[in-house]
Amino acid sequence: MALKSKEVGSFREAIADIPDGATIGFGGFAMPGVAFNLIKALLDQGAKRLTLVGNTTGGAQVPRMPDMGMLVENGQVAKVICAFTAATRPTDVLPFTKYYESGECDAELVPQGTLAERLRAAGAGIPAFYTPTAVGTELAQGRETRVFNGREYLLEHALPLDYAFIRARRSDTFGNLQFHRAQRNFNPVMATAARVTVVEVDEPVLPLGAIDPDQVHCSGIFVHRVVQVPPEPEGLWPTRRQERRR
Amino acid sequence: MALKSKEVGSFREAIADIPDGATIGFGGFAMPGVAFNLIKALLDQGAKRLTLVGNTTGGAQVPRMPDMGMLVENGQVAKVICAFTAATRPTDVLPFTKYYESGECDAELVPQGTLAERLRAAGAGIPAFYTPTAVGTELAQGRETRVFNGREYLLEHALPLDYAFIRARRSDTFGNLQFHRAQRNFNPVMATAARVTVVEVDEPVLPLGAIDPDQVHCSGIFVHRVVQVPPEPEGLWPTRRQERRR
Amino acid sequence: MSDAVKGLTRQQMADRMAFEFRDGWIVNLGVGIPTMCSNTDLGDVDFIYHSENGIIGYGPVAPVGEEDLNLVNAGGQNVTMKPGGSVVHHADSFAIIRGGHIDATVMGAYEVSMGGDFANWKLKGQKGGGIGGAMDLAACAKRVFIILEHVTRRNEPRLVEKCALPITARGVVTLISTNYGLFEPTGTGFLLREIAPGLTVDEIRATTGGVLTVADDLKPVKLAG
Amino acid sequence: MSDAVKGLTRQQMADRMAFEFRDGWIVNLGVGIPTMCSNTDLGDVDFIYHSENGIIGYGPVAPVGEEDLNLVNAGGQNVTMKPGGSVVHHADSFAIIRGGHIDATVMGAYEVSMGGDFANWKLKGQKGGGIGGAMDLAACAKRVFIILEHVTRRNEPRLVEKCALPITARGVVTLISTNYGLFEPTGTGFLLREIAPGLTVDEIRATTGGVLTVADDLKPVKLAG
């Protein structure tokens with residue numbers, strides 16, 4: 001009785017079944033933890049009318065790596081749910097912005113912590129929760145708030161995913177994951193929220209028992225498919241950050 | 001610039017400031033992760049009218065180790081918030097039961113997952129959330145429920161603590177903790193919910209940098225005082241489980 | 001329960017339930033008879049045991065003298081880890097449960113109703129009770145399997161039209177394994193799908209509350225070996 | 001901002017805010033000038049930098065060629081870990097923020113009002129914006145410190161009676177460091193507590209929206225070294 005391996009031979013195979021209209025979560029924050037190779041494969045795979053969930057649509061960093069914005073530019077996206085539809089610096093312009101402003105792609109802007117908590121709630125069977133974030137702002141206009149202990153809170157709902165694309169340092173054949181440093185970010189949370197979690201890993205997939213149970217950052221019960229990232233140039237890896245254009 | 005050590009020389013000193021009327025959370029599940037030594041010190045310290053929060057009032061296991069029930073028997077407790085006011089097996093009788101039935105001590109019975117989530121919510125700035133657990137049961141009678149996507153959910157509130165008593169395998173001087181196996185249980189969650197978290201640790205307190213940042217199970221930002229457990233018989237340690245009385 | 005009790009042994013009741021487990025399932029075993037499911041030989045079927053204290057992928061009880069005193073299952077037994085196991089804290093463990101990630105939970109009960117309600121946390125007239133993780137598991141696992149003796153010591157039915165005791169969850173029970181057979185609550189009755197050796201349908205009907213219906217393809221209870 | 005701008009340099013604005021940090025604080029630094037607080041020498045004062053992507057206890061930017069490409073702060077810079085650091089995932093990182101565990105957050109802004117509202121996520125007429133973690137930090141940190149240039153390029157005040165831009169949070173700002181001085185929003189005005197070298201109160205009043213009051217013990221801005 002040994003658990004079957006979840007390792008899949010190629011990025012293409014790992015995402016072949018994604019249908020039009022799917023909701024896909026993208027882990028990662030800046031370079032670390034972004035599933036560049038799975039995003040690239042999705043650009044080729046071509047599924048349409050997708051809803052994308054992630055921190056930012058991307059495109060502010062140089063060099064540009066595969067990001068949600070590229071899927072938008074490729075005509076595959078109906079809506080993006082994220083914490084940035086524009087860049088932090090007003091002088092940066094995200095490629096996404098023109099698609100959003102022209103109405104070619106819809107967006108839902110969500111504070112980053114609320115986004116993380118809505119994903120966690122989806123994985124944790126919590127349909128809704130209250131948060132102090134965004135109370136009194138434009139984002140709360142017309143929405144339900146409630147006072148607890150004299151403070152006003154906003155009602156927020158779970159955000160379930162059909163698929164999650166994440167990146168980890170290592171995995172065993174069951175999909176128990178370890179992340180390195182800032183690679184962790186949204187990734188284990190996205191995994192709990194998704195029906196199908198697809199992981200790209202830096203290192204060769206390990207046999208069962210190779211990872212200390214106390215040091216698993218995301219249990220394999222949340223992971224469905226694992227693909228090892230090949231070395232450059234075939235595989236995509238985080239690059240050194242270059243000065244941003246101003 | 002070095003972070004100051006949170007190590008404290010004795011259990012007594014670590015809990016000396018607990019006032020009457022405090023709300024204290026007790027980590028642990030069965031033997032693992034219970035702060036036996038801190039509970040023992042609290043029996044001596046004598047604070048009264050306490051509210052205790054933990055999985056069970058205890059006393060079903062042999063040999064009996066310090067538990068919340070002993071604080072009740074010692075006349076220190078106004079109320080217990082827990083998942084068991086009676087044992088799982090009807091043939092076991094918890095010492096707490098007679099204090100509860102006679103009205104000497106109040107209790108609030110909370111499903112275990114709701115208890116864990118209410119503690120997490122307290123630490124996470126979520127004042128309230130909805131859960132499917134206990135809907136349609138006696139525990140939901142007269143309480144607020146709400147339907148999301150066709151299913152009924154119960155509103156539950158955060159449960160903040162004044163103090164948390166927890167046990168870990170190791171700590172560094174900043175209070176970054178690692179737990180061994182089932183020792184983890186409620187412990188890191190209690191720590192986030194408490195104003196003051198007091199930890200008893202199995203091993204000598206480590207210097208800063210001795211624990212890999214990726215492998216910290218509870219960040220030291222949630223930990224305030226750390227005491228090393230001395231060897232037996234001075235210190236109390238989990239014991240082998242004996243057959244329970246039937 | 002003595003050997004004098006009719007029908008299946010406790011281990012056989014557990015075995016029958018364990019035969020329902022499918023490849024890749026995450027299974028939570030409650031305290032008591034459900035724990036015995038882990039003794040059943042299921043050949044090549046692959047699954048993971050989850051314990052509500054945060055242990056994912058635990059294995060058999062540790063041999064005496066080799067226990068890790070900080071590794072226990074929900075019943076407080078010193079178990080072992082299987083390769084590929086992992087550990088989470090309590091809030092994450094119940095996130096797994098509430099999030100619908102448990103394929104099957106196996107629990108004991110005092111009573112089960114035709115509508116799939118069951119009661120297992122509070123005795124008659126008791127103040128308070130012992131809920132533990134039962135309400136979370138019952139409300140949220142994909143399948144709720146109940147193992148219980150078919151009748152009380154006074155020979156009263158435990159499969160009842162409506163629960164008299166405070167319920168743990170409403171309308172959730174998928175399948176029931178008793179020493180008399182395998183039953184499915186249908187909403188309007190109990191469907192007897194498999195019958196234990198030595199029992200007759202009439203005998204079972206006489207000791208079952210509510211309506212008993214019998215599967216067209218009624219079989220003997222599937223036994224180990 | 002060029003050196004031609006009046007008053008403090010960007011680093012001095014950051015330094016002044018950093019002097020507020022106290023022993024044992026957990027501090028979150030936003031992108032831009034706030035990041036420069038980490039350059040300030042605070043002697044024996046002990047604190048922990050938290051970055052919203054889950055890095056607790058990070059240190060200086062890594063030397064070129066020695067970067068860990070999987071270790072970044074909120075601004076995406078390749079930083080280092082200090083001994084005693086730890087890593088959590090995003091939901092836990094914002095649990096730290098929302099749970100009130102951050103002693104001070106330092107952020108940039110377009111505008112701050114007398115009532116302590118501020119705006120930093122959306123420009124005039126923009127569709128959408130860049131919120132990131134700002135709303136969570138603003139609503140939940142124990143202290144919200146704002147660093148911004150005192151006036152816009154058109155010499156219009158950024159300290160205003162009421163924000164014209166969509167706000168990030170209402171009534172939360174504790175302290176404001178600009179190139180003209182150190183200010184406190186009081187609800188009915190801005191209290192000038194420290195004044196930058198080369199500036200006069202009249203000059204500041206002329207370039208500040210709403211009401212400016214002056215501390216009885218008005219001091220020069222505390223500078224490094």
Side-chain angles (χ1 to χ4, degrees), chain B residues 27 29-33 55-56 60-61 83-90 92 94 96-97 100-101 107 109-117 119-121 123 131-139 169 179-190 192 202 217-218 237-241 244, chain C residues 30-32 51-55 58 64-65 67-79 81 85 87-98 100 108 110 117 119-123 126-140 165-172:
Chain B
F29 180 99
M31 290 279 179
N55 188 49
T56 176
Q61 289 199 322
F84 293 98
T85 62
T88 316
R89 310 186 194 208
D92 289 342
L94 297 189
F96 174 72
T97 303
Y100 185 38
E101 289 183 346
L109 193 55
V110 182
Q112 198 172 146
T114 299
L115 185 63
E117 190 66 13
L119 291 162
R120 187 220 173 240
T131 175
T133 302
V135 167
T137 75
E138 190 180 294
L139 292 193
R169 169 63 54 102
F179 302 94
H180 176 71
R181 304 290 189 259
Q183 202 180 37
R184 193 174 319 192
N185 63 70
F186 282 97
N187 286 326
V189 187
M190 293 255 178
T192 67
D202 295 350
H217 301 150
C218 177
W237 294 75
T239 60
R240 290 205 152 59
R241 190 169 176 265
R244 294 201 278 185
Chain C
V31 177
S51 177
E52 51 260 48
N53 59 335
I55 308 297
Y58 67 88
V64 174
E67 300 95 341
D68 177 341
L69 298 181
N70 282 310
L71 178 53
V72 299
N73 63 12
Q77 295 174 294
N78 291 119
V79 290
M81 289 304 291
V87 179
V88 296
H89 63 52
H90 241 80
D92 280 349
S93 181
F94 279 88
I96 291 171
I97 293 170
R98 250 194 339 265
Y110 305 137
D117 305 348
N120 77 349
W121 69 278
K122 185 176 188 169
L123 295 168
Q126 194 178 25
K127 188 176 178 186
I131 297 178
M135 282 191 185
D136 299 278
L137 283 159
C140 306
L165 293 170
I167 63 163
T168 304
R170 196 170 293 286
V172 298

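Each chain gets a letter, A, B and so on, in the order the sequences are listed, and its residues count up from 1. None of these values were measured; they are calculated from a predicted model.
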Chain B contact via [X] - side chain, backbone, both or neither, heavy atoms under 4.5 Å:
X        : result
C/Val88  : backbone
C/Ser51  : neither
C/Tyr110 : side chain
C/Ile97  : neither
C/Asp68  : side chain

Using non-hydrogen atoms and a 4.5 Å limit, figure out which bit of [X] sits close to chain C: side chain, backbone, both or neither.
X        : result
B/Arg240 : both
B/Pro188 : side chain
B/Ala134 : both
B/Ala182 : both

Roughly how far, to the nearest 0.5 Å, is the CZ atom of B/Phe84 from the CH2 atom of C/Trp121? 12.0 Å

Grab the two heavy atoms, one from [X] and one from [Y], that are nearest each other, plus how far apart they are.
X        : Y        : value
B/Gln112 : C/Gly133 : NE2-N, 3.2 Å
C/Asp136 : B/Pro111 : OD2-CB, 3.6 Å
C/Gly129 : B/Leu109 : N-CD2, 3.4 Å
B/Ala86  : C/Gln126 : CB-NE2, 3.2 Å
C/Gly128 : B/Thr85  : CA-OG1, 3.4 Å
C/Ile55  : B/Arg181 : CD1-C, 4.1 Å

Note, [X] side chain near [Y] side chain (heavy atom, < 4.5 Å):
X        : Y        : answer
C/Thr168 : B/Thr137 : no
B/Pro32  : C/Leu69  : no
C/Lys127 : B/Tyr100 : yes
C/Arg170 : B/Val135 : no
C/Arg98  : B/Thr131 : yes

Greatest number of non-hydrogen atom pairs under 4.5 angstrom with chain C, of B/Leu115, B/Leu119, B/Thr56, B/Leu139, falls to B/Leu139

Verdict with supporting geometry, B/Asp202 and C/Asn70, side-chain contact (heavy atoms from CB on, under 4.5 Å): CA-CA 11 Å; B/Asp202 295 350; C/Asn70 282 310; 4.2 Å; yes

Using a 4.5 angstrom heavy-atom cutoff, name the option from C/Ala74, C/Ser93, C/Gly32 with the most pairs to chain B. C/Ala74

Taking C/Ala134, C/Gly76, C/Ala119, C/Gly108 one by one, which has the highest count of heavy-atom pairs under 4.5 Å against chain B? C/Gly76

Aromatic contact, B/Phe29 with C/His90 (centres under 6.0 Å): yes

